[in-house]
Amino acid sequence: MAKGKSAKKSTVKFVIDCAAPVDDKVLDIASFEKYLNERIKVEGKTGNLSQCNVVISRDRTKITVASPQDLGFSKRQLKYLSKRYLKKQQLRDYLRVIAASKNSYELKYYQITAGDEDEGEE
C-alpha cells in the first residue's frame, strides 16, 4: 500500500443534540431527521446524500451527520436547516441553536429571567 493513499477516507461528523426538547416531548426527533434528509444540499442538490456518502443517523436525543472530509460539508447549513425546522414547528420562540463545540450544535431553551423590576419608580 502506497504512503499517499489511505485505506479509509476520513469523515467529518456533525452532531445536533436535542436532549432538552426531546425529553420534554416538545420536539419529534424522527420528523426532524426526515426534514434534514429531504432538505440537506450536497453539491448544490437536495436528495444527493447517498451518492456523496453523506449519512444521517439518530439515537434517542442526537442526530449525527457524517460526510467525507473532501466533500467540504458545511456545519452552517445544519444550523440554518435546524432554525427553519423550528420555525416551521412554531418552536423558534422557545428554542435556540447554539454551537456546543467545533462539530456540534445544541438545542436549548431561551433563559427567561423573572426580572419583574419596578418601572414605576419616581
Between [atom1] on residue [X] and [atom2] on residue [Y], distance to nearest 0.5 Å:
X: L27; Y: L95; atom1: CG; atom2: CG; result: 7.0 Å
X: E38; Y: I56; atom1: CD; atom2: CD1; result: 10.0 Å
X: D28; Y: K34; atom1: CG; atom2: NZ; result: 11.0 Å
X: I98; Y: K79; atom1: CD1; atom2: NZ; result: 8.0 Å
X: S57; Y: E33; atom1: OG; atom2: CD; result: 7.5 Å
X: N37; Y: T46; atom1: CG; atom2: OG1; result: 11.5 Å

Which heavy atom of [X] sits nearest a heavy atom of [Y], and at what distance?
X: Q77; Y: R39; value: NE2-O, 4.2 Å
X: T61; Y: D17; value: O-OD1, 3.6 Å
X: S101; Y: K75; value: O-NZ, 3.0 Å
X: D93; Y: Y110; value: O-CD1, 3.3 Å
X: K62; Y: I29; value: N-CD1, 3.7 Å
X: F73; Y: S67; value: CB-OG, 3.2 Å

Would a hydrophobic clustering, with Ile, Leu, Val, Met, Phe, Trp and Tyr connected at side-chain separations under 4.5 Å, put [X] with [Y]?
X: Y80; Y: V65; result: yes
X: V15; Y: L81; result: no
X: V22; Y: Y94; result: no

For the backbone of V42 and the side chain of N48, can you confirm whether one donor and one acceptor N or O come within less than 3.5 Å of each other?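 Judged by distance alone, yes, a pair lies under 3.5 Å.
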For Y35, is the NZ or CZ atom of K88 found under 6.0 angstrom from the centre of its six-membered ring and inside 45 degrees of the ring axis?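 No cation-pi geometry.
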Between [X] and [Y], is any pair of side-chain heavy atoms under 4.5 Å apart?
X: F32; Y: I63; value: yes
X: L107; Y: L86; value: yes
X: L71; Y: V54; value: yes

Going through the checks in order, is the side-chain contact (heavy atoms from CB on, under 4.5 Å) test met by S104 and I16? CA-CA 6 Å; S104 70; I16 302 174; over 6 Å; no
Report the residues that fulfil side chain to side chain donor-acceptor pair (under 3.5 Å) with D23, sequence neighbours left out, ordered by chain and then residue number.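 Partners of D23 under the side chain to side chain donor-acceptor pair (under 3.5 Å) test: R60.
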Other residues, nucleotides, ligands: >12 heavy atoms within 6.0 Å of Q90 CD: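 Open: at most 12 neighbouring heavy atoms sit under 6.0 Å from CD of Q90.
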With side chain to side chain donor-acceptor pair (under 3.5 Å) as the test, would you mind laying out the steps for Y85 and S31 before giving the verdict? CA-CA 10 Å; Y85 178 77; S31 69; 2.5 Å; yes
Side chains of D24 and Y109: do they bring a donor and an acceptor to under 3.5 Å?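 Checked: D24/Y109 side chains pair up, N/O donor to acceptor below 3.5 Å.
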